[in-house]
Structure formats: structure tokens, C-alpha cells
Amino acid sequence: MSSLRSLRADEVDAWRDEEVRRRARWQFAVCGHDDESAQSAAADLVDSWWALGESDPSANVVLVAGDSLSDGWLWWRRDPRDGGVRVGDSTLPPARLPDAVAAVTAYADRVGTRMIAAAHWPGEAHGGELAAALGAERSASLMDLTFTTAEPGTDDRLELREMTADQFEDYRAEAVEGYAHERGEAGEPADVAIANARESYNRLLPDGLASEGQWLWTAYDGEVPVGLLWIGAQQPHAFVYDVQVYPGRRRRGYGRAIMLAGAAHCRAAGRTGLGLNVFAPNTGARALYDQLGYRPVEDFYRRLL
């Protein structure tokens, strides 16, 4: 069996167009984007990742299985945040997966990384096959709820109130450490987890409560605070960044009530749906989201070397 070959310069444009088409279909159209916005979002993502190679030609690698792109390809990139190898996409047939595993692991060893990550869009076979061949374990899932004509249910016990400045400071002090812990439980090395957690909070909340497009609430049952909810609403399809039920208030249905209240608020504000990320070890949260009608749209896998 011949080895995988490098993408030729005269194939880059055709490969890029096909990669954008695949991501528009499998990654963005399933999350409420119309055809035009899905294509635009996919192009922005692919181009931003590919731009990493402008200063480091080895940051992006595309290998092709045969004479043409239709024979299948494998794309990976090195993440500048943590040095991890992230498989961007694969269309390789099963017979070429041993070659893919050998190539990715050899590259990871050469650049000195401890982590290989991959993703799978449910309904698209190649990503799941590659993750299995790599021996990677599912670390998290991206889930989506697209609003329909039916009104979301509510729980009359619960009210969302804008987080106060004091509440936000208390939350921010603990949130980064908690998020890093979740990432660590999902398989990320501790130093990488804390660095990624800090980067996420600094990027999303540069101005604290005043950060544009970020909604942060404390959830109340009467006058008793029972939890919190943070939703990013900069896009038509909003996203849950954090949801918590406070210790001592759990197993009383508040998690479900908070999620319902958040969805109702988003719908009233004209958003088309709501997405979220759930780490694989958090089986209780995953069960709740399944019950509320969220569906997985992307599964993330990780292998530590």
C-alpha cells in the first residue's frame, strides 16, 4: 500500500472549496444557519485555520490518498494555543486509516505534542471511523436546539435576573478554575486546561458584565438564588456558556427550569435556537439535554500520547 501524499499547490483551491462545502453542510447548516450564512461561516473557519500556516508552513498538513482529491484526504493542524494536533477533517476510506494513524502520530511525536484531537459530525461517517482508528475517546459533544413553532415550556417557580456586579465577581473568581477542572476531567492535561479556560473567559468577557452580546443571570426561586446562566447571544443562534445549580439546591428540577427559562428568553429576543457544549463525564447534564430535545451535532475526541 502506497503512503499518503502531500496536497499539491495546484490542488489547494479545489480542496479548500470542498472543505468549506463539507463544513457548511455538516457543521453549520445543522445549527440553524441558512445556506448563505453556513457557507460564509464555514469559509471563515477554514480560512482562519489555514492562515496559521502563513508563518509556520508545518502548522497545516493535508495528505491525499491517491491521484485525486476524490480518493480521500486527511487534514490536521497544530493548535498554537497548546501545541496539540487537531484533525480538521478526513474523507479517507477505511482501508487508508492505518496510514492516517501512522502519519498523525509520527507528526505528533516529531513536534513533541501530547495530544491528538478529532471530531465527528453525526451522520457523516468518516470522522467517527478515524476517531476509532486513532483509539481516541469522546471528550465532549456540541448539542443544538433549533426553535420550532411550539413554545418552550417554563417553570413558574423560577425567575432569571441580571447578575449584579458583586455576583459576577464571585462567579468569575471560581468559574475559570471550574471550567479548567471540567476540561481536565474530559482528558485535557492540567496546564493546557487552565490556559484554555483563562483564554476563553478573557476572550468572551473582556468587559465583564458589560461585554457585548453576553447575557448573565442569577436564577431565583422567590427571593432565593438557586443557580446561574450565561448565554452568548451575538449570533442569531445563541449559545450556553455556563449553567449552574448551586450546591444544596440540586436534584429539585432547577437545572431543567433554568434551561427552559433561558430558551424562552432567547426565543423572545428573536434568536433562532440555542447550542451548548457538554463534557463526556457529565452524564447527568447530557441526560437532561437529551430530555429537553437537544441533539448532538458534533462529537469531540481526544487521545493522549
Side-chain angles (χ1 to χ4, degrees), residues 30-32 122 138-164 167-168 170-172 174-175 178-179 181-183 185-186 197 200-201 204-205 209 211 213-300:
V30 297
C31 294
R138 186 169 61 85
S139 58
S141 295
L142 181 66
M143 305 187 74
D144 178 78
L145 178 69
T146 299
F147 298 148
T148 64
T149 55
E151 291 287 343
T154 57
D155 186 327
D156 292 339
R157 295 177 299 167
L158 197 94
E159 180 185 4
L160 295 179
R161 302 179 191 171
E162 291 186 10
M163 204 177 274
T164 67
Q167 288 172 335
F168 177 76
D170 290 341
Y171 166 66
R172 180 67 180 264
E174 299 179 359
Y179 184 43
H181 178 73
E182 282 193 296
R183 296 184 72 102
E185 284 193 326
S200 293
Y201 276 80
L204 294 168
L205 295 172
L209 283 174
S211 299
Q214 305 300 327
W215 299 338
L216 294 103
W217 297 287
T218 299
Y220 287 85
D221 183 348
E223 293 304 313
V224 178
V226 298
L228 64 86
L229 179 63
W230 170 19
I231 289 178
Q234 291 177 305
Q235 303 296 326
H237 223 69
F239 193 86
V240 177
Y241 285 113
D242 199 3
V243 56
Q244 296 182 24
V245 177
Y246 296 146
R249 305 292 174 183
R250 293 168 183 164
R251 301 195 179 281
R252 302 183 189 183
Y254 287 129
R256 179 184 180 86
I258 292 171
M259 292 298 296
L260 288 172
H265 186 96
C266 288
R267 179 169 180 147
R271 299 306 185 269
T272 57
L274 195 54
L276 56 84
N277 182 80
V278 58
F279 290 106
N282 197 347
T283 55
R286 174 61 186 263
L288 171 62
Y289 303 144
D290 286 337
Q291 293 169 8
L292 290 173
Y294 288 80
R295 58 193 176 87
V297 293
E298 189 167 13
D299 292 321
F300 303 99

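For the numbers below, each heavy atom of this structure counts, side chains included, while hydrogens, waters and symmetry mates do not.
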Should F279 and F300 count as side-chain neighbours, where that means a heavy-atom distance under 4.5 Å? no

When rounded to the nearest 0.5 Å, the distance separating CG of L209 from OG1 of T164 is 7.5 Å

Where I258 and L228 come nearest, the two heavy atoms and their spacing: CG2-O, 4.1 Å

Does E162 have more than 12 heavy atoms from other residues, nucleotides or ligands lying within 6.0 Å of its CD? no

Should the heavy atoms of other residues, nucleotides or ligands under 6.0 Å from CD of Q235 be counted, would the total exceed 12? no

Closest approach of P122 to P296 (non-hydrogen atoms, all atoms of both residues): CG-O, 3.7 Å

Close side-chain approach of D144 to H237, heavy-atom, < 4.5 Å: yes

So which heavy atom on L205 is nearest to which on R172, and how close? O-NH1, 3.7 Å

Can a donor-acceptor pair be found, under 3.5 Å and without considering hydrogens, that links the side chain of R286 to the backbone of P281? no

Note: W215 and A269 closest approach over all heavy atoms is CH2-CB, 3.7 Å

Nearest heavy-atom pair of L204 and Q214: which atoms, and what distance? O-CG, 3.5 Å

Donor-acceptor pair between R250 and Y254 side chains, under 3.5 angstrom: no

